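Small disclaimer: the values here were computed from a predicted structure and weren't measured. In what follows, every chain begins at residue 1, and chains take the letters A, B, ... in the order their sequences are listed.
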Amino acid sequence: MPINRDRLVGSALKLAPRLLGAVLTSEVGGLPVSARITEVEAYEGEDDPASHAFRGRTPRTAVMFGPPGHLYCYFTYGMHWCANIVCGTDGTAAAVLLRGGEIVAGLDTARDRRATARNDSELGKGPARLAAALGLGALTNGVDLCSPLSPVRLEHLPSRRPRGVAAGPRIGITRAVELPWRFWFEGDPTVSRPARSG
DNA sequence: AGGACGATTAACT
DNA sequence: GTTAATCGTCCTC
């Protein structure tokens, strides 16, 4: 059973660390794959200069402005897809980028989709890698994560903020670069990068 | 209509 | 550590 939608409503900054340890299950293409989320980033919307929603609603960002509990998938660098969980109330843009995950079911399918991975820790290590392992992309943009009928569902959201969580600046952005809005399980091999040294 | 740039990754030296 | 790959989106003429 997917989790209740009410548990995904609020600011991305508050939700992001609580998503660590949650399990996302995909059945795209009839092939089930599940990932335990190990790394995330918060994007707050129109007040966050680093957010896709900063310049307002566009066709691309429409899902971010829609109801919470849905998947926002976007295409970047001409070749990669990444996935977010929308958490703002309808009309408010806020979302949590999924940056890392441990594949806990459907390993054979994930290995097929991520043929360049040298070990299982790399299957979902990084936002585009995780999306690829789960089969997320154009066809899953906007899907409801809280419906039992959905091809992608969020399960097992921990009821309390987990232990062993580190925080630091978000990766790959050029604005609001210092805000410590990335959260990850310290020492987990499926996290894309360790904390910035220095 | 044109162009710069990206919430990245893999393959190099 | 550096750089090519590759194209949709959005800003600026």
Provide a list of protein-nucleic acid N or O atom pairs under 3.5 angstrom, restricted to nucleotides 7-13 of chain C.
from   : atom 1 : to      : atom 2 : distance (Å)
C:dC10 : OP1    : A:Thr58 : OG1    : 2.7

Can you check nucleotides 10-13 of chain B for protein contacts, nitrogen or oxygen pairs under 3.5 Å, and list what you find?
from   : atom 1 : to       : atom 2 : distance (Å)
B:dA10 : OP1    : A:Arg114 : NH1    : 2.9
B:dA10 : OP1    : A:Thr116 : OG1    : 2.8
B:dA10 : OP2    : A:Arg129 : NE     : 2.6
B:dA10 : OP2    : A:Arg129 : NH2    : 2.3

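Per the geometry, CD1 belonging to A:Ile85 stands 15 Å off C1' belonging to B:dA7, to the nearest Å. Whole-Å rounding puts the A:Glu44 CD to B:dA7 C1' distance at 14 Å. Between A:Tyr43 atom OH and B:dG6 atom P the separation is 12 Å, expressed in whole Å. One atom, CD1 of A:Ile171, and another, C1' of B:dT8, lie 11 Å apart when rounded to the nearest Å. The distance between atom CZ of A:Arg193 and atom C1' of C:dG1, rounded to the nearest whole Å, is 13 Å.
Defined by atom type and a distance below 3.5 Å, a donor-acceptor pair is missing between the side-chain atoms of A:Thr38 and A:Arg36. With no hydrogens or angles considered, a side-chain donor-acceptor pair links A:Ser192 and A:Arg99 at under 3.5 Å. No side-chain donor-acceptor contact under 3.5 Å links A:Thr190 and A:Glu39.
A:Leu98 and A:Val86 are members of different hydrophobic clusters when ILVMFWY side chains are connected at heavy-atom separations under 4.5 Å.
Checking the phosphate oxygens (OP1, OP2) of B:dA7, no side-chain nitrogen or oxygen of A:Ser51 falls inside 4.0 Å. Considering only side-chain N and O atoms, A:Arg99 lies under 4.0 angstrom from the phosphate OP1 or OP2 of B:dT8.
The two residues A:Gly56 and A:Glu46 have their closest heavy-atom pair at CA-OE2, 4.0 Å.
Consecutive Watson-Crick or G-U pairs involving DNA chain C, each under 3.5 Å on both distances, make up stems of three or more pairs at B:1-6 with C:7-12, B:8-12 with C:1-5.
At most 12 heavy atoms of other shown residues, nucleotides or ligands fall within 6.0 angstrom of atom CZ in A:Arg193.
As judged by a 4.0 angstrom heavy-atom cut-off over every strand, A:Ile173 is placed among residues touching the sugar-phosphate backbone only.
Note that A:Arg170 lies in the cation-pi zone of A:Tyr43, set by a 6.0 Å cut-off to the ring centre and a 45° limit from the axis.
Ring-centre distance between A:Tyr74 and A:His52: below the 6.0 Å cut-off.
The ring of A:Tyr74 does not lie on top of the base of B:dA7; it is either too far (5.5 Å or more) or too tilted (30° or more).
In this structure, the side chain of A:Asp6 does not engage the main chain of A:Val9 through any donor-acceptor pair within 3.5 Å. A donor-acceptor contact shorter than 3.5 Å is absent between the side chain of A:Ser51 and the backbone of A:Asp48.
Counting heavy atoms from C-beta on, the side chains of A:Val177 and A:Pro169 never come closer than 4.5 Å.
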